[in-house]
Amino acid sequence: MTVRIGTRASKLALTQTQQTADRLAAVGGFDVELVHITTEGDVKTGSLSQMGGTGVFVAALREALLDQRCDVAVHSLKDLPTGAEAGLTIAATPTRVDVRDVLCARDGLTLAQLPAGAKVGTGSPRRAAQLRALRQDIEVIDIRGNVDTRLGRVPGLPGNSTDAVVPGKSNDLDAVVLAAAGLERMGRLDTVSEFFESDAMLPAPGQGSLAIECRTADAAAGGSQEALAQALSALNDEDTRLAVTAERAVLARLEAGCAAPVGAFAHRKGSMLYLEAVVCSVDGLKTLREKKATDGLNEVGATLLGIEVAELLLAAGAAEITDLAAS
């Protein structure tokens with residue numbers, strides 16, 4: 001038996017998919033094969049909002065699953081739309097890694113140490129808004145590209161291939177903001193000058209977590225893909241699943257598009273699941289934060305927690321300070 005695992009062809013996607021494939025093979029006792037799928041988000045340039053949102057990174061993978069060109073797809077969970085896809089199931093959410101955003105700045109500077117007018121790059125409206133909330137005197141630059149390309153925009157970072165200053169390409173920014181999870185998986189945490197704690201910058205819903213998706217019939221115990229179903233079940237981490245369910249429920253209730261500056265982070269501690277969410281104005285001048293907890297440690301309880309926090313944000317005026325439907 002060979003399980004075909006669909007993946008985007010970026011360095012980060014291949015790295016995290018290979019790590020997942022190795023775990024599946026070890027648990028399930030079957031062979032694995034990576035199938036490279038090119039998504040719309042890999043081909044087009046421009047901002048995510050101009051391309052139509054986070055779904056541009058997953059639509060082609062889902063088509064490949066439904067067309068039986070692969071048996072499993074590995075996604076960064078934050079890239080998945082909140083709506084379910086008919087015929088497909090998120091069969092596993094492996095144990096989450098570091099959820100934090102990080103600053104990768106020249107000369108090892110922190111955000112507070114950057115000079116006024118410093119240029120900080122990010123492709124995320126959520127990060128951009130929270131950066132502006134922290135420092136109104138910096139210039140936030142919209143950037144695209146893979147991890148290495150983004151890190152290459154900051155002079156002097158370990159692993160950069162050139163010291164030439166090329167506007168829009170290399171060594172032209174003072175810092176970039178990325179996810180700790182991606183840098184960890186690629187072995188590039190040595191570029192980090194500051195980790196942002198959640199009181200400064202809340203991550204994207206699902207950040208730091210992977211979603212392993214397959215056809216619904218293949219996830220069922222006792223089906224024709226029993227070995228695969230058992231391996232996927234073994235990789236699932238229930239605390240991670242509860243947390244990301246709550247976070248994604250916030251997004252779903254807010255009906256927030258990919259360009260809406262919304263962050264959320266949930267975590268289990270003892271018998272409680274805690275959730276905090278933020279909505280910011282694009283200019284960073286207005287910020288709304290709400291938090292709640294529940295002892296309902298199941299998918300329904302986590303979903304209701306996310307809805308309740310979203311309702312608090314809406315009641316406080318979230319829809320008035322930013323375009324929640326931005327996409």
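Numbering starts at 1 and runs along the sequence shown. Values below: all heavy atoms of this structure, side chains included; hydrogens, waters and symmetry mates excluded.
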Check the pair Val309, Lys291 against side-chain contact (heavy atoms from CB on, under 4.5 Å), reporting the backbone distance first and the verdict last.
CA-CA 6 Å; Val309 169; Lys291 60 175 70 174; over 6 Å; no

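- If you take CG on Leu232 and CD on Glu213, they are separated by 11.5 Å, rounding to the nearest 0.5 Å.
- When hydrophobic clusters are built by joining Ile, Leu, Val, Met, Phe, Trp and Tyr residues whose side-chain heavy atoms come closer than 4.5 Å, directly or via intermediates, Leu111 is not grouped with Leu173.
- Here the side chain of Asp283 pairs a donor or acceptor atom with the backbone of Leu285 at under 3.5 angstrom.
- Remark: Glu255 CD is loosely packed, at most 12 non-hydrogen atoms of other residues, nucleotides or ligands lying under 6.0 Å away.
- Residues Val140 and Val176 are members of separate hydrophobic clusters, defined by side-chain heavy-atom contacts under 4.5 angstrom among Ile, Leu, Val, Met, Phe, Trp and Tyr.
- Taking 4.5 Å as the limit, some side-chain heavy atom of Val282 sits within range of a side-chain heavy atom of Arg132.
- The pair Glu85-Arg62 counts as a salt bridge, with a side-chain nitrogen and a carboxylate oxygen less than 4.0 angstrom apart.
- In this structure a side-chain-to-backbone donor-acceptor pair under 3.5 Å is missing from Arg215 to Thr89.
- Counting heavy atoms from C-beta on, the side chains of Val278 and Leu288 never come closer than 4.5 Å.
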Are Tyr274 and Leu305 close enough, and set up right, to give a side-chain contact (heavy atoms from CB on, under 4.5 Å), and what steps lead you there?
CA-CA 9 Å; Tyr274 297 86; Leu305 178 63; over 6 Å; no

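- Within the 4.5 Å cutoff, side-chain heavy atoms of Leu114 are placed close to those of Val120.
- The shortest side-chain heavy-atom distance between Leu151 and Leu183 falls under the 4.5 Å cut-off.
- Side-chain contact check for Glu194 versus Leu109: every heavy-atom pair is 4.5 Å or farther apart.
- By the 6.0 Å contact criterion, CD on Glu299 is open, its count of non-hydrogen atoms from other residues, nucleotides or ligands being 12 or less.
- Using a 4.5 Å heavy-atom threshold, the side chains of Asp163 and Pro155 count as separate.
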Under the side-chain contact (heavy atoms from CB on, under 4.5 Å) criterion, do Thr20 and Ile212 qualify, and how do the steps go?
CA-CA 9 Å; Thr20 302; Ile212 309 178; 3.5 Å; yes

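- The two residues Arg126 and Leu202 make their nearest non-hydrogen contact at NH1-O, 2.7 Å.
- Judged by distance alone, the side chain of Ser76 and the main-chain N or O of Lys78 form no donor-acceptor pair under 3.5 Å.
- A side-chain donor-acceptor contact under 3.5 Å links Asn160 to the backbone of Val154.
- Remark: side-chain polar atoms of Asn171 are paired, donor with acceptor, to backbone N or O of Thr162 under 3.5 angstrom.
- Cluster annotation: Leu77 and Met186 are assigned to distinct hydrophobic clusters (Ile/Leu/Val/Met/Phe/Trp/Tyr, side-chain heavy-atom contacts under 4.5 Å, transitive).
- Of the possible polar contacts, none joining the Asp218 side chain to the Cys214 backbone as a donor-acceptor pair under 3.5 Å is found.
- Residue Leu24 is not grouped with residue Leu65 when hydrophobic side chains (ILVMFWY) are merged at heavy-atom distances under 4.5 angstrom, including chains of intermediate members.
- Atoms NE2 and CG, on His75 and Asp79 in that order, are 9.0 Å from each other to the nearest 0.5 Å.
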Would Cys104 and Leu157 satisfy side-chain contact (heavy atoms from CB on, under 4.5 Å), going step by step from the backbone distance to the final call?
CA-CA 8 Å; Cys104 303; Leu157 292 184; 4.0 Å; yes

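- Here the CD atom belonging to Glu308 is positioned 9.5 Å from the CG atom belonging to Leu275, to the nearest 0.5 angstrom.
- For the pair Lys119 and Asp174, the salt-bridge criterion is not met [side-chain N within less than 4.0 Å of a carboxylate O].
- Checking Asn236 against Ser233 by side-chain atom types alone, no donor-acceptor pair falls below 3.5 Å.
- Arg96 places no side-chain N or O within donor-acceptor distance of the main-chain N or O of Gly208, the cut-off being under 3.5 Å.
- Within the 4.5 Å cutoff, side-chain heavy atoms of Val3 are placed close to those of Ile5.
- Hydrophobic clustering of Ile, Leu, Val, Met, Phe, Trp and Tyr side chains at less than 4.5 Å, counting indirect connections, keeps Phe196 apart from Phe265.
- With a 4.5 Å cut-off on side-chain heavy atoms, His36 and Arg8 do not count as touching.
- Within the model, atoms CD1 of Ile321 and OG1 of Thr287 stand 6.5 Å from one another, a figure rounded to the nearest 0.5 Å.
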